[in-house]
There are 2 protein chains.
Amino acid sequence: MVGRTRAEKMEETRAKLIGAGRKAFAEKGFAAASMDELTAEVGLTRGALYHNFGDKRGLMAAVVDQIDTTMALKAQAAGKKAGGGWEGLMAEGAAYIEMALQPEVQRIVLLDGPAILGDPAQWPSQNRCLQSTIKTLRRLASNGQIKPVDIEALARLLNGIALNAALWVAASDDARTTLPKAIAAFECLASGALNTVRNSEGNVS
Amino acid sequence: MVGRTRAEKMEETRAKLIGAGRKAFAEKGFAAASMDELTAEVGLTRGALYHNFGDKRGLMAAVVDQIDTTMALKAQAAGKKAGGGWEGLMAEGAAYIEMALQPEVQRIVLLDGPAILGDPAQWPSQNRCLQSTIKTLRRLASNGQIKPVDIEALARLLNGIALNAALWVAASDDARTTLPKAIAAFECLASGALNTVRNSEGNVS
DNA sequence: ACGCTTACATACGGTATGTATGCCTGTTTA
DNA sequence: TAAACAGGCATACATACCGTATGTAAGCGT
């Protein structure tokens with residue numbers, strides 16, 4: 001513990017502050033979270049905060065990025081485990097929805113995040129997730145498995161459905177019951193993007 | 001002007017405050033909007049505000065309700081005009097998406113509203129819209145036009161897709177180009193809820 | 001016409017954020 | 001190794017805003 005360099009200590013305080021931010025923002029919401037209390041809880045003051053993150057929003061951005069990055073990683077892992085094609089996308093969406101059961105995710109990422117930091121699709125972490133979705137969709141499209149619509153629009157709305165289903169599950173008072181309904185409806189709507197079998201006249205009904 | 005009763009004057013001040021709220025919340029966002037400035041702009045003070053709306057959130061709720069109610073009415077009108085069945089639902093969604101071009105709608109209803117007032121599905125105005133959607137879906141379901149999934153889930157996610165498409169259009173820097181893509185993708189995904197023509201083996205592909 | 005309710009203004013307290021300044025520790029250099 | 005340096009962080013302060021408590025004047029009922 002003696003030979004800790006300055007950069008190491010700074011990393012540690014950043015981690016402490018982000019951790020305290022996760023707790024405070026999740027429990028009280030962004031507006032009601034006091035930076036004085038938050039910093040004091042990890043043995044620091046606001047001086048450390050403003051030095052490391054600039055302002056309150058800066059801390060929020062760091063917190064959101066941390067949570068959202070791990071969410072994206074987990075979701076993509078679930079997708080790969082399920083095969084990587086359309087099944088993978090569905091698994092990814094379902095995993096995303098399930099994570100909304102965590103209050104931390106609900107409040108910080110789904111509710112306050114967009115209001116404080118703006119459109120989630122612009123966040124660095126979300127862009128990574130979106131790009132991954134787009135890539136998968138392009139592959140499916142080139143195989144003819146997907147209807148001819150704008151890929152980016154499809155990717156964004158697919159993510160949006162998952163996010164909205166997550167919000168619904170989060171807001172419901174009996175999450176364990178609504179979760180399967182939400183996932184089923186998600187997959188039902190998502191299937192609209194799949195090419196269907198054509199009947200004898202060549203129409204898709 | 002002499003014979004104005006008290007209730008009439010109060011209605012007028014409420015209207016003034018809501019109007020000022022729409023402007024301030026849209027231009028500066030909820031957090032940055034100062035109630036002192038806001039009330040002064042219509043020749044009042046915070047006294048009037050706290051008497052009529054209780055607190056800052058109360059004014060926000062009134063503003064959101066006003067905007068969202070007119071949105072729901074417009075969307076439902078578009079739906080009826082298009083026939084009322086599935087086509088009506090699609091038209092409703094498209095109308096909803098188009099309204100997101102207004103900055104007032106973006107900031108107040110789509111961004112700050114959920115963060116300040118909670119789940120949009122719980123708002124009085126949104127509940128009316130949701131109930132209307134559910135009613136239409138039930139009728140379609142009893143006709144066998146819709147896949148057997150939870151109707152409430154479907155309605156919420158359909159509204160959610162429209163809302164998310166609206167957000168995307170709102171955030172894009174070239175809304176007029178993005179809008180048609182968003183509407184097309186919306187209708188594509190929504191069609192996933194429709195029953196498809198069955199092939200000779202009785203499978204839906 | 002009189003008293004009382006009520007709509008609104010004014011004044012104040014508490015608390016939050018952001019900034020400017022200073023200290024102290026770890027690093028660098030001669 | 002010692003001294004100068006720099007950067008991370010604490011402290012003190014300025015500013016702003018919300019919510020409330022109190023005051024006042026105008027209208028409504030009786």
Side-chain angles (χ1 to χ4, degrees), chain A residues 1-64 107-108 112-113 115-117, chain B residues 1-21 23-64 108 112-113 115-117:
Chain A
M1 274 300 186
V2 184
R4 277 220 319 276
T5 179
R6 271 163 75 121
E8 284 171 349
K9 270 185 88 169
M10 199 170 175
E11 255 333 289
E12 187 183 326
T13 64
R14 284 180 62 93
K16 276 191 200 168
L17 289 174
I18 290 181
R22 287 180 71 141
K23 252 185 53 182
F25 290 151
E27 289 171 4
K28 309 186 163 191
F30 178 80
S34 163
M35 306 309 267
D36 269 325
E37 288 183 14
L38 189 158
T39 50
E41 252 174 51
V42 288
L44 294 168
T45 69
R46 288 205 331 264
L49 198 155
Y50 284 94
H51 190 75
N52 281 281
F53 298 100
D55 60 352
K56 195 178 181 179
R57 275 189 54 190
L59 178 62
M60 179 67 167
V63 167
V64 164
R107 185 82 198 215
I108 300 180
D112 286 340
I116 306 299
L117 306 174
Chain B
M1 275 300 186
V2 184
R4 278 220 318 276
T5 178
R6 268 164 68 123
E8 284 170 348
K9 272 186 86 169
M10 198 169 176
E11 252 336 285
E12 188 183 325
T13 64
R14 285 180 62 93
K16 275 190 201 170
L17 290 173
I18 290 180
K23 253 185 51 182
F25 290 150
E27 289 171 3
K28 309 185 164 190
F30 178 80
S34 162
M35 305 309 266
D36 272 324
E37 287 183 14
L38 188 157
T39 51
E41 253 175 50
V42 289
L44 294 168
T45 69
R46 288 206 328 253
L49 198 154
Y50 283 93
H51 188 75
N52 281 280
F53 299 99
D55 61 351
K56 196 178 181 180
R57 275 189 54 188
L59 178 63
M60 179 67 166
V63 167
V64 163
I108 300 179
D112 285 340
I116 306 298
L117 305 174

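These figures come from a predicted structure and were not determined experimentally. We name chains A, B, ... by the order of the sequence lines, and we start the count at 1 in each one.
Rounding to whole angstrom units, CG of residue D55(B) and P of dG19(D) are separated by 5 Å. Rounded to whole Å, atom P of dG7(D) lies 17 Å from atom CD of E11(A). Look at CZ on R57(B): it is 10 Å from P on dG19(D), rounded to the nearest Å. We find that NE2 of H51(A) is positioned 11 Å from C1' of dA6(D), with the value rounded to whole Å. Computed from coordinates, the L38(B) CG to dC18(D) C1' distance equals 13 Å when rounded to whole Å. The CD atom of E12(A) sits 13 Å away from the P atom of dG26(C) (whole-angstrom rounding). Rounded to whole angstrom, the span from the CG atom of L59(B) across to the C1' atom of dC17(D) amounts to 15 Å. Nucleotide dT10(C) holds its P atom 11 Å from the CG atom of D36(B), rounded to whole Å.
Within the 4.5 Å cutoff, no side-chain heavy atoms of L38(A) are placed close to those of K23(A).
Residues satisfying the side chain to side chain contact (heavy atoms under 4.5 Å, CB included) criterion with T45(A), sequence neighbours excluded, are absent altogether.
Within the nucleic acid shown, A40(A) has no heavy atom closer than 4.0 Å to any nucleic acid atom. Residue contacts shown for A33(B) are limited to sugar-phosphate atoms, with no base heavy atom under 4.0 Å away.
Considering every non-hydrogen atom in both F30(A) and M60(A), the closest pair reads CE1-CB, 3.7 Å. Listed here is the closest heavy atom pair of R22(A) and V63(A): CG-CG1, 3.6 Å.
With rounding to the nearest 0.5 angstrom, the CG atom of D112(B) is 8.5 Å from the CZ atom of F25(B). Atom CD of residue E41(B) and atom OG of residue S34(B) lie 10.0 Å apart, to the nearest 0.5 angstrom. Distance CG/L44(A) to CG/L49(A): 9.0 Å, rounded to 0.5 Å.
Ranking dC9(D), dG18(C), dC18(D) by closeness to the K56(B) side chain, first place goes to dC18(D). Set against dT20(D), dA10(D), dC8(C), the side chain of Y50(B) has dT20(D) as its closest nucleotide.
Distances shown here put a side-chain N or O of T13(B) below 4.0 Å from the OP1 or OP2 atom of dC8(C). In this model, the phosphate group of dC8(C) is approached by a side-chain N or O of N52(B) to a distance below 4.0 Å at OP1 or OP2.
Comparing L49(B) and G54(A) by the nucleotide of DNA chain C whose heavy atom lies nearest to each, the residue mapping closer to the 5' end is L49(B).
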Could you go over nucleotides 13-16 of chain D and give all protein N or O partners under 3.5 Å, atom names and distances?
none

